[in-house]
Structure formats: structure tokens, C-alpha cells
Amino acid sequence: MRSAVIVFPGSNCDRDMAVALSNAGGRPAQMVWHKETKLPDNLDVVAIPGGFSFGDFLRCGAIAARAPIMQAVADFALRGGYVLGVCNGFQVMIEAKILPGALMRNRSLKFICKPVPLLVETTQSFFTQGYSRGQEIMLPVAHHDGNYIAPDDTLALLAKEDRIAFRYAENPNGSLNDIAGILSENRRCLGMMPHPERAVEPVHGLTGGKKLFEGLLHGMATAV
């Protein structure tokens, strides 16, 4: 699996994401600076990591979404490439219109950093096929702006098209319908607030994210 991780000023989960992708894919993930205008050739997956891109100035992910590399990422997604956005990466994907909705301040107006239980809502994607539908997993969250909102018709469409990947079993931030992660229309782009890359090895204390990366690799290995 050939993967790349986009790096913005303020990214702080880029190396964790690269290690998770590299370990799953058997080859090193390539790091791509935000000022680049092209992605490496022959990529399978692009990951937009968590962090505080550009210090979360203006609005979380808003500046990063307009970085030079993001046009290449959007084009990659339009061509059917796989894109994973975690935490700030999810915010960037929404600001770049790769995924619908918005992420507002947590209902408590406080930064939340703790493991939370999630329910796997669909297995119909490479990202989630390694789990069982309805399976409960634990992943860490670390965000101040993870409260997912969207118009009623968007929420209904996400549910109708089975594009809600994960819901919170115990909603920590006020997200509508307990949504923790959503898929794009072609199911090849996943945005989620919890951090799977921080839960892939026993030393992390949690391993609930491991099957996400393994499922992605397995899906690509068997797709062609």
C-alpha cells in the first residue's frame, strides 16, 4: 500500500499516522509538505493527520484547506483515491468540501482528551470492513471542535446511504446523531474525529484502530 501523509504547520499526529500506515502497508509512508502542489505518483492512500494546522487560526482547518497541496488532494479524491482525515484532518476535509457538514465547538466548550467508546455503523468500506457492524471499539479523542453538525437533509442522506462510519456510544462533544465519522459518496474518503493511529499497538494501551488500517490494506490487496 503506497501512502502519503500531508504535513501542515501545527500537525502533531503526522508521524503517528505515518507509522500506522507504514506498519500496515509494509512500506514507508511518504511525507508531503503543504506547500507542494503535486502528490507523489501511484499513491493508494492520502492521510490528513490531526494537529492544529496553522494554530487553528480563523477556524479549524480553514487555512489548511486552502494550502497549495489541497487541490491535488481534492483531485486525488475525485479520481477515486482513498483519503483518510483524522481530527484536524476531518476538519480540513470538511473545509475543503470533500465531506459534508461542519465541526463546531464541543458542547462543553472544553477541550476533551480521553478514550471513548465507538460503535461501528457500517462495514461497507475498506476502512471499516475489518470490524463487525455494531462492534464497540475504544479510540482516543483529543479535540476542542468535534461537534459534528449538518442540515437535516444531509443527515438523512448520510443515514440512507449508509455513510455513517462510526457513532459515539457515549457522545463526548454534542455531535448530532452521535456521529463520529462519515464516508464520502463513493465510500473512499473517511473523516473521523477519534484517532485510530493512536490505538494500533499494545504499548498505546488501545488497539481499536488497528483493524482500520489492516482493512484498508486488505481491501486494496483483494480489489484488483
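Since the model is a prediction, treat every value here as computed from it, not as a measurement.
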- Task: Check the pair Val19 / Glu201 against side-chain contact (heavy atoms from CB on, under 4.5 Å), numbers first and verdict last.
- Result: CA-CA 11 Å; Val19 170; Glu201 301 177 22; 4.2 Å; yes
- Start with the C-alpha gap between Lys114 and Ile112, add the side-chain angles, then the distance that decides, and say whether side-chain contact (heavy atoms from CB on, under 4.5 Å) holds. CA-CA 6 Å; Lys114 63 179 184 179; Ile112 301 170; 4.0 Å; yes
- Task: Before giving the answer on salt bridge (Lys or Arg N to Asp or Glu O under 4.0 Å), spell out for Arg187 and Asp162 the whole-Å C-alpha distance, their side-chain angles and the decisive distance to 0.1 Å.
- Result: CA-CA 9 Å; Arg187 318 186 77 78; Asp162 190 30; 3.5 Å; yes
- Query: side-chain contact (heavy atoms from CB on, under 4.5 Å) between Leu84 and Ile48: does it pass, once the steps are laid out?
  - Reply: CA-CA 6 Å; Leu84 170 63; Ile48 307 175; over 6 Å; no
- Message: As a quick check of understanding, evaluate side-chain contact (heavy atoms from CB on, under 4.5 Å) for Gln124 and Arg133, giving each step before the final call.
- Response: CA-CA 9 Å; Gln124 299 302 306; Arg133 190 180 184 95; 5.5 Å; no
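Judged by distance alone, the side chain of Ser125 and the main-chain N or O of Thr128 form a donor-acceptor pair under 3.5 Å. Side chain of Arg188 to backbone of Gly81: no donor-acceptor contact under 3.5 angstrom is found. Listed for the Ser22 side chain is a donor-acceptor partner under 3.5 Å among the backbone atoms of Ala29. No donor-acceptor pair under 3.5 Å is formed between the side chain of Thr123 and the backbone N or O of Gln129. Checking side-chain atoms of Asn88 against main-chain N and O of Val92 turns up no donor-acceptor pair under 3.5 Å.
Annotation for Met104: atom CE does not count as buried by contact number, only 12 or fewer foreign heavy atoms lying within 6.0 Å. Within a 6.0 Å sphere centred on CZ of Arg167, other residues, nucleotides and ligands contribute more than 12 heavy atoms. Glu161 CD: more than 12 foreign heavy atoms inside a 6.0 Å radius.
Counting heavy atoms from C-beta outward, Asp44 and Tyr82 have side chains that stay 4.5 Å or more apart. Between Leu103 and Cys60 there is no side-chain heavy-atom pair separated by less than 4.5 Å. Two residues are said to be in side-chain contact when any heavy atoms from C-beta on lie closer than 4.5 Å; Ile182 and Tyr148 meet this criterion. Counting heavy atoms from C-beta outward, Pro194 and Tyr168 have side chains that approach closer than 4.5 Å. Taking the side chain as every heavy atom from C-beta outward, Met70 and His34 never approach each other to under 4.5 Å. Residues His144 and Asp56 have side chains not in contact (no heavy-atom distance under 4.5 Å, counting atoms from C-beta outward). By the 4.5 Å heavy-atom criterion applied to side chains, Leu139 and His195 are not counted as neighbours. A heavy-atom distance below 4.5 Å is not found between the side chains of Asn173 and Val141.
A salt bridge does not link Lys160 to Asp153: none of the charged nitrogens lies less than 4.0 Å from a carboxylate oxygen. Ionic pairing of Asp145 and Arg59 is not present here: no N-O contact between side-chain nitrogen and carboxylate oxygen is shorter than 4.0 angstrom.
Scanning both residues, Gly50 and Cys87, for their nearest heavy atoms gives CA-CB, 4.2 Å. The shortest heavy-atom contact between Ile63 and Phe57 is CD1-O, 3.7 Å. Contact between Met1 and Arg27 at its shortest, heavy atoms only, is O-CG, 3.2 Å. A pairwise comparison of heavy atoms in Gly191 and Phe90 identifies CA-CD1, 3.4 Å as the closest pair. For the residue pair Ala67 and Phe8, the shortest heavy atom distance occurs at CB-CE2, 3.8 Å. Taking both residues in full, the closest heavy atoms of Gly130 and Lys211 are given as O-CD, 3.2 Å, listed atom of the first, atom of the second, then distance.
In this structure, Lys210 NZ and His204 NE2 are separated by 11.0 Å, a value rounded to the nearest 0.5 Å. Here Met220 contributes atom CE and Thr222 contributes atom OG1; the two are 10.5 Å apart, rounded to the nearest 0.5 Å. Ile149 contributes atom CD1, which lies 7.0 Å from atom CG of Leu176 (distance to the nearest 0.5 angstrom). Rounding to the nearest 0.5 Å gives a distance of 12.0 Å between CD1 of Ile98 and CG of Leu190. Here Leu21 contributes atom CG and Gln30 contributes atom CD; the two are 11.5 Å apart, rounded to the nearest 0.5 Å. Of the inter-residue distances, the one linking Gln91 atom CD with His143 atom NE2 reads 8.5 Å to the nearest 0.5 angstrom.
Cluster membership check: Phe166 shares its hydrophobic cluster with Leu158, using side-chain heavy-atom separations under 4.5 Å among Ile, Leu, Val, Met, Phe, Trp and Tyr. A single hydrophobic cluster is seen to contain both Leu43 and Val83, as judged by linkage of ILVMFWY side chains at heavy-atom distances under 4.5 Å, directly or through other members. Linking Ile, Leu, Val, Met, Phe, Trp and Tyr residues whenever their side-chain heavy atoms come within less than 4.5 Å leaves Ile179 and Leu157 in two separate clusters. In this structure, Phe54 is a member of the same hydrophobic cluster as Val5, with clusters built from ILVMFWY side-chain heavy atoms closer than 4.5 Å. Linking ILVMFWY side-chain heavy atoms closer than 4.5 Å, directly or via other members, places Phe76 and Trp33 in a single hydrophobic cluster.
Under the 3.5 Å distance criterion, with hydrogens and angles disregarded, no donor-acceptor pair is assigned to the side chains of Asn147 and Asn106.
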